[in-house]
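Structure, as structure tokens:
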Amino acid sequence: MKKSMLTTVLAMAIIVVPFAKENEIPDKNQERDLPGHSFKSKEQEVLRPTAYKPYQLSWKTDLVITGLGAGAYLFANSLDDSRTPLTAEQANAFIHKDVNWFDRSATYKYNPQLRDVSDQLGAFALVAPLALLADKGVRRDFVTVGTMFVQTRLFASATATISKRSITRYRPYIYNPNVSYEDKIAKDPGQSFFAQQTTSVFSTAVFVATVFGDYHPDSKYKPWVWAGSLAAATAISVIRYETGIHYSSDILVGALVGSAIGYGIPKLHKTKDRNLSFTPIIQRNTYALSAVWKL
């Protein structure tokens with residue numbers, strides 16, 4: 001347990017440090033974040049391009065995305081999450097061999113104490129995006145990035161909730177004869193598919209890494225941010241597996257769905273013609289406009 005928590009803390013450190021470094025060390029990426037005047041000589045003045053914005057909001061697009069996300073979230077939480085309680089005879093009839101070979105190993109797991117730890121580590125999904133605020137470009141576009149993250153959270157929660165409440169799949173510990181009947185029926189035993197917390201943490205991890213990469217496309221820290229984000233999400237998901245409340249397939253599907261959402265939402269907001277920049281040039285009595293297309 002301590003090892004898993006240490007892994008998560010180290011991963012968070014890997015995520016946060018590059019944001020601070022990007023703001024401390026001037027490089028070619030930061031030039032896009034410094035609008036204003038730069039004098040090469042008394043005779044020539046070059047105006048740098050306006051602040052680089054990789055994302056933009058659109059009333060039309062965001063009303064649709066937010067509306068669909070909110071609608072899906074409300075629909076998901078309106079679904080009946082109750083199940084007919086298992087009798088003691090039914091609960092004791094479940095055996096390991098009833099589960100497919102790929103997921104069977106999870107039926108030998110059960111650790112209720114570790115479940116509490118995993119619930120607390122789930123806060124990663126809410127805390128990790130705060131690391132983005134270390135970047136001045138993100139702070140400048142706080143409303144845009146904040147809106148995207150809210151949309152990400154809505155879809156991540158809705159998709160997993162709809163699945164869990166629509167599909168009855170008994171959790172791995174139900175098949176474990178060493179678990180008491182009281183523990184088997186204590187909490188939503190039929191809502192195993194797919195892992196909601198895994199969906200949540202992977203959507204956040206990929207969102208953070210994608211946003212950082214789009215603000216700093218040439219940064220040498222991009223691989224570290226991706227590695228740290230995914231390592232933290234993976235560590236939390238492995239703990240969920242060790243508790244005996246999710247199968248490997250639950251976690252894999254949750255990771256895939258969450259990653260798709262965390263990557264897709266930012267890409268839907270990418271600024272058009274983001275590779276085209278204009279630079280006005282004033283040189284004595286000469287006025288010109290330089291256009292650069294980044295291939």
Side-chain angles (χ1 to χ4, degrees), residues 1 4 7-8 11 72-73 75-77 79-84 86 90-112 114-119 121-122 124-125 152-153 155-179 183-207 209 226 229-264:
M1 177 175 69
S4 298
T7 301
T8 303
Y73 180 83
F75 172 73
N77 286 277
L79 295 175
D80 183 12
D81 64 346
S82 63
R83 299 287 194 282
T84 302
L86 291 171
Q90 289 173 324
N92 292 328
F94 289 91
I95 58 175
H96 298 300
K97 292 183 178 180
D98 291 338
V99 179
N100 67 81
W101 67 269
F102 182 75
D103 289 322
R104 190 174 302 155
S105 60
T107 64
Y108 294 90
K109 308 286 186 179
Y110 184 65
N111 191 327
L114 202 57
R115 182 171 184 170
D116 294 334
V117 173
S118 68
D119 288 340
L121 290 177
F124 168 84
T152 299
R153 292 289 299 169
F155 280 103
S157 176
T159 51
T161 301
I162 290 173
S163 176
K164 291 167 73 71
R165 296 188 178 186
S166 302
I167 301 172
T168 298
R169 188 186 196 190
Y170 289 105
R171 297 187 183 276
Y173 61 77
I174 293 293
Y175 297 84
N176 191 335
N178 296 321
V179 179
D183 288 337
K184 286 184 176 182
I185 63 172
K187 186 178 181 180
D188 56 25
Q191 297 187 30
S192 181
F193 186 80
F194 47 89
Q196 186 164 35
Q197 190 180 81
T198 297
T199 306
S200 180
V201 295
F202 266 91
S203 66
T204 297
V206 174
F207 177 88
W226 273 101
S229 299
L230 295 178
T234 300
I236 295 171
S237 299
V238 168
I239 292 176
R240 298 298 279 182
Y241 169 80
E242 290 293 331
T243 62
I245 61 177
H246 280 301
Y247 302 96
S248 298
S249 57
D250 295 338
I251 293 172
L252 287 175
V253 172
L256 289 173
V257 172
S259 297
I261 293 171
Y263 182 81

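Looking at heavy atoms from C-beta onward, Ser166 lies in side-chain contact with Leu79 at the 4.5 angstrom threshold. In this structure the side chain of Tyr241 reaches within 4.5 angstrom of the side chain of Ser105, judged on heavy atoms.
A distance of 5.0 Å separates OG1 of Thr198 from CD1 of Ile251, quoted to the nearest 0.5 Å. The CG atom of Asn176 lies 10.5 Å from the CG atom of Asp183; values are rounded to the nearest 0.5 Å. Summarising the geometry, atom CG belonging to Leu121 is positioned 11.0 Å from atom CG belonging to Asp116; distances are rounded to the nearest 0.5 Å. Taking CZ of Phe194 as the reference point, atom CD1 of Ile162 lies at 9.0 Å (rounded to 0.5 Å). Atom CG of Leu252 sits about 9.0 Å away from atom CZ of Phe202, to the nearest 0.5 Å. Atom-to-atom distance recorded for Ser249:OG and Asn100:CG is 6.5 Å, nearest 0.5 angstrom.
Here the closest heavy-atom approach between residue Ala195 and residue His246 is recorded as CA-CE1, 3.5 Å. Taking each heavy atom of Gln197 and Ile236 in turn, the nearest pair found is OE1-CG2, 3.3 Å. Across every non-hydrogen atom of Ala233 and Ser237, the tightest pair is O-OG, 2.9 Å. Between Ala93 and Asp98, the shortest heavy-atom contact is O-OD2, 4.0 Å. Of all heavy-atom pairs between Gln191 and Arg165, the closest is OE1-CG, 4.2 Å. In terms of heavy atoms, Pro172 sits closest to Ala106 at CB-O, 3.3 Å.
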Pair Ile174-Val179, side-chain contact (heavy atoms from CB on, under 4.5 Å): steps then yes or no
CA-CA 8 Å; Ile174 293 293; Val179 179; over 6 Å; no

Evaluation steps, side-chain contact (heavy atoms from CB on, under 4.5 Å), between Lys184 and Arg171 = CA-CA 9 Å; Lys184 286 184 176 182; Arg171 297 187 183 276; over 6 Å; no

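With salt bridges taken as basic N to acidic carboxylate O contacts below 4.0 Å, none links Arg240 and Asp250. With respect to Lys164 and Asp81, no salt bridge is recorded, no charged nitrogen being found less than 4.0 Å from a carboxylate O.
Annotation for Tyr73: atom OH does not count as buried by contact number, only 12 or fewer foreign heavy atoms lying within 6.0 Å.
Thr159 places a side-chain N or O within 3.5 Å of a backbone atom of Ala156 that can act as its donor or acceptor partner. A donor-acceptor contact shorter than 3.5 Å is absent between the side chain of Asn111 and the backbone of Glu242. Using a distance-only test at 3.5 Å, with no hydrogens or angles considered, a donor-acceptor pair links the side chain of Ser163 to the main chain of Phe193. Distance alone, capped at 3.5 Å, places no donor-acceptor pair between the Ser157 side chain and the Arg153 backbone. Put simply, the side chain of Thr204 gets close to the backbone of Ser200: a donor and an acceptor are under 3.5 Å apart.
In this structure, Arg169 satisfies the cation-pi test against Tyr247, with its NZ or CZ atom closer than 6.0 Å to the six-membered ring centre and inside 45 degrees of the ring normal.
Partners of Phe94 under the ring pair (Phe, Tyr, Trp, His ring centres under 6.0 Å) rule, at least two apart in sequence or in another chain, are Tyr170, Tyr175.
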